[in-house]
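Quick caveat: nothing in here was measured; it's all calculated off a predicted structure. FYI, the numbering just counts along the sequence from 1.
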Amino acid sequence: MPELPEVETTKRGIAPHIEGVVISEVIIRQARLRWPIPADLAQTLEGKKILSVSRRAKYLLFNFKHGTLLIHLGMSGNLRVLTEAFPAEKHDHFDLVLANGKRLRYRDPRRFGACLWQALENGPHSLLLKLGPEPLSEQFNTDHLLSAHSNRKIAIKLAIMDNHTVVGVGNIYASESLFRAKINPNRAANSLNHQKSAQLVDAIKATLGDAIIAGGSTLRDYVDSDGKAGYFQLSAFVYGRAGMPCRICGTEIKQIRQGQRSTFYCPQCQN
């Protein structure tokens, strides 16, 4: 599933091509995604200028004077900037045709993504209202993490994957961040003191920052806006390395299940 670094990479890739550009046509081939694409989307967007593109958690926000288009990539979605009207393939569900001659094409084999419209007068979309702070923002800091975890006895890995605490720390990046912070993923969230919490905040920021630079991870169908796969997973310390020696101490990397997801860690380096 595309996570925050993959979505941020997509945003940075498409923004220079579409910001400040008018949408001349909306082509919808398949409206049945996770939620139906609004039937009047073409009427809503055609002739309107995309003022900017931003990201909130794993949602891409296309900002217009009269509202916001929310796009979520789901499990297998991607957005590509095309310079020509190449023939659409089976899983190419909609295009935003731009007045500059380019088009933005959404592809999603599994159709778990979303394309939703929120009118300006209705305020922020309900999907965005209860999200925690962005992990790379100043609002995500040691005091916030300590407060969020003060009464939580669940495993720290599950706690940092909770979007109410902080957004965008997906499965790969949670395992990698905990390794960098030298914290065992099974530790209770409320057992972390100020020092450990500070280490974890720093590790999450560093891990996600490195992943964005690397263009995300090589995960199944994920490619960025240029059709290139990300390479962060190739340099992972623990994720996907069960049975292999730790890059730091040589101890065998362990794999366990937490919250129906695989967790990877070094029993020697993480305590």
#### Entry: All side chain to side chain contact (heavy atoms under 4.5 Å, CB included) counterparts of Pro124, not counting sequence neighbours
Leu129
### Query
Are the side chain of Ser175 and the backbone of Ile172 linked by a donor-acceptor contact shorter than 3.5 Å?
no
#### Entry: CD-CG distance between Glu3 and Leu73, expressed to the nearest 0.5 angstrom
10.5 Å
### Message
Please identify which of these residues, Val81, Val22, Ile23, meets the side-chain contact (heavy atoms from CB on, under 4.5 Å) condition with Leu98.
### Response
Ile23
### Query
Does some side-chain heavy atom of Arg107 sit less than 4.5 Å from a side-chain heavy atom of Arg80?
no
### Message
Using a 6.0 Å cut-off, check whether atom CD of Glu138 has over 12 heavy atoms from anything other than its own residue.
### Response
no
Can you list, pair by pair, the side-chain donor-acceptor contacts under 3.5 Å of residues 161-168, counting residues two or more places apart and other chains?
{"from": "Asp162", "atom 1": "OD1", "to": "His164", "atom 2": "N", "distance (Å)": "2.9"}
{"from": "Asp162", "atom 1": "OD1", "to": "His164", "atom 2": "ND1", "distance (Å)": "3.0"}
{"from": "Asp162", "atom 1": "OD2", "to": "Arg152", "atom 2": "NH1", "distance (Å)": "3.1"}
{"from": "Asp162", "atom 1": "OD2", "to": "Arg152", "atom 2": "NH2", "distance (Å)": "3.4"}
{"from": "Asn163", "atom 1": "OD1", "to": "Gly168", "atom 2": "N", "distance (Å)": "3.4"}

### Task
State, yes or no, whether a side-chain contact exists between Ser54 and Asn63 at a heavy-atom distance under 4.5 Å.
yes
### Message
Do Val169 and Leu131 sit in one hydrophobic cluster, given that two such residues count as connected whenever their side-chain heavy atoms are within less than 4.5 Å of each other, even indirectly?
### Response
no
### Task
Tell me, please, which residues at least two apart from Ala198 pass side chain to side chain contact (heavy atoms under 4.5 Å, CB included).
Thr142
### Message
Once rounded to the nearest 0.5 Å, what's the spacing between atom CG of Leu104 and atom CG of Leu82?
### Response
8.0 Å
### Message
Please check this pair: side chain of Asn100 against backbone of Ile18, looking for a donor-acceptor N/O pair closer than 3.5 Å.
### Response
no
#### Entry: Counterpart residues, side chain to side chain contact (heavy atoms under 4.5 Å, CB included), relative to Asn271 (two or more places apart)
Lys196
### Message
When you compare the side chains of Asn78 and Thr10, does any donor N or O come within less than 3.5 Å of an acceptor on the partner?
### Response
no
### Query
So if you build clusters from Ile, Leu, Val, Met, Phe, Trp, Tyr with side-chain heavy-atom gaps below 4.5 Å, do Phe237 and Ile160 land together?
yes
### Donor-acceptor pair between Lys102 and Thr83 side chains, under 3.5 angstrom
no
### Message
Considering only residues two or more places apart or on different chains, which pairs with a residue in residues 37-57 satisfy ring pair (Phe, Tyr, Trp, His ring centres under 6.0 Å)?
### Response
none
### Test item: Gln270 side-chain N/O and Ile183 main-chain N/O as donor-acceptor pair under 3.5 Å
yes
### Task
Could you go through the side chain to side chain contact (heavy atoms under 4.5 Å, CB included) check for Arg111 and His93 one step at a time?
CA-CA 9 Å; Arg111 287 195 284 144; His93 301 316; 3.3 Å; yes
### Non-hydrogen side-chain atoms of Lys65 and Leu120 separated by less than 4.5 Å
no
### Query
Taking it one step at a time, do Ile71 and Leu116 satisfy side chain to side chain contact (heavy atoms under 4.5 Å, CB included)?
CA-CA 7 Å; Ile71 294 182; Leu116 303 169; over 6 Å; no
### Query
With sequence neighbours excluded, what pairs up with Asn151 under the side chain to side chain contact (heavy atoms under 4.5 Å, CB included) test?
none
### Query
Just by distance, do the side chain of Asp95 and the backbone of Val97 share a donor-acceptor pair under 3.5 Å?
no
### Message
Are Leu178 and Leu192 connected into the same hydrophobic cluster when the rule is that any two of I, L, V, M, F, W, Y join if their side-chain heavy atoms are below 4.5 Å apart?
### Response
yes
### Query
Under a single-linkage definition using a 4.5 Å side-chain heavy-atom cutoff for Ile, Leu, Val, Met, Phe, Trp and Tyr, are Val7 and Leu69 assigned to the same hydrophobic cluster?
yes
### Task
Applying salt bridge (Lys or Arg N to Asp or Glu O under 4.0 Å), run through Glu134 and Arg55 and close with a yes or a no.
CA-CA 10 Å; Glu134 290 287 329; Arg55 179 192 54 75; 2.7 Å; yes
### Task
Would you check if Phe86 and Arg105 make a side-chain contact, meaning some heavy-atom pair closer than 4.5 Å?
yes
### Message
With a 3.5 Å distance limit and no angle check, can you tell me whether Asp202 reaches the backbone of Gln199 through a side-chain donor-acceptor pair?
### Response
no
### Summary
Value for CG (Leu4) from CG (Leu136), rounded to nearest 0.5 Å, stands at 6.5 Å
### Message
Walk me through whether Asn186 and Ile256 qualify under side chain to side chain contact (heavy atoms under 4.5 Å, CB included).
### Response
CA-CA 10 Å; Asn186 283 310; Ile256 58 174; 3.5 Å; yes
### Query
Does Phe264 have any ring-ring contact (aromatic ring centres under 6.0 Å, His included) partners at least two apart in sequence or in another chain, and if so, which?
Tyr239
Would you be so kind as to tabulate the donor-acceptor pairs closer than 3.5 Å made by side chains of residues 35-49, with sequence neighbours excluded?
{"from": "Thr44", "atom 1": "OG1", "to": "Asp40", "atom 2": "O", "distance (Å)": "2.9"}
{"from": "Glu46", "atom 1": "OE2", "to": "Val26", "atom 2": "N", "distance (Å)": "3.0"}

### Query
Can you list the residues that meet the side-chain hydrogen bond (donor to acceptor under 3.5 Å, both in side chains) rule with Tyr106, with sequence neighbours excluded?
Asp108
### Query
Nearest 0.5 Å, what's the CG-CD distance between Leu127 and Gln118?
9.0 Å
### Query
Can you tell if the side chain of Leu60 reaches within under 4.5 Å of the side chain of Leu79, non-hydrogen atoms only?
yes
### Tyr59 vs Thr68 side-chain heavy atoms within contact, under 4.5 Å
no
### Query
Is a side-chain donor or acceptor of Glu19 paired with a backbone partner of Val53 at a separation under 3.5 angstrom?
yes
### Query
In Å, rounded to the nearest 0.5 Å, how long is the span from CZ of Arg103 to CD of Glu84?
10.0 Å
### Message
Rounded to the nearest 0.5 Å, what separates atom CG in Leu200 from atom NZ in Lys205?
### Response
11.0 Å
### Modelled atom types, side-chain donor and acceptor of Gln30 and Asp92, under 3.5 Å
no
### Query
For the residue pair Arg29 and Ala88, what are the closest heavy atoms and their distance?
NE-CB, 3.2 Å
#### Entry: Other residues, nucleotides, ligands: >12 heavy atoms within 6.0 Å of Arg34 CZ
no
## Note on the structure
Here the ring pair (Phe, Tyr, Trp, His ring centres under 6.0 Å) pairs for residues 183-204, sequence neighbours left out, are none
### Message
Closer than 3.5 angstrom, by distance alone: can the side chain of Ser76 be matched with the main-chain N or O of Arg110 as a donor-acceptor pair?
### Response
yes
### Query
Under the ring pair (Phe, Tyr, Trp, His ring centres under 6.0 Å) rule, what pairs show up with a residue in residues 115-158, not counting sequence neighbours?
Phe64-Trp117, His66-Trp117
### Query
Same hydrophobic cluster for Ile50 and Leu61, using side-chain heavy-atom links shorter than 4.5 Å among ILVMFWY?
no
### Query
Backbone N or O of Ala236 within a donor-acceptor pair of the Arg247 side chain at under 3.5 Å?
yes
### Query
Is there a donor-acceptor contact under 3.5 Å linking the side chains of Thr207 and Arg180?
yes
### Query
Who are the ring-ring contact (aromatic ring centres under 6.0 Å, His included) partners of Phe62, not counting sequence neighbours?
none
#### Entry: Any donor-acceptor pair under 3.5 Å from Arg187 side chain to Ser191 backbone
yes
### Message
For a quick check under 3.5 Å, do Gln258 and Thr263 share a side-chain donor-acceptor pair by atom type?
### Response
yes
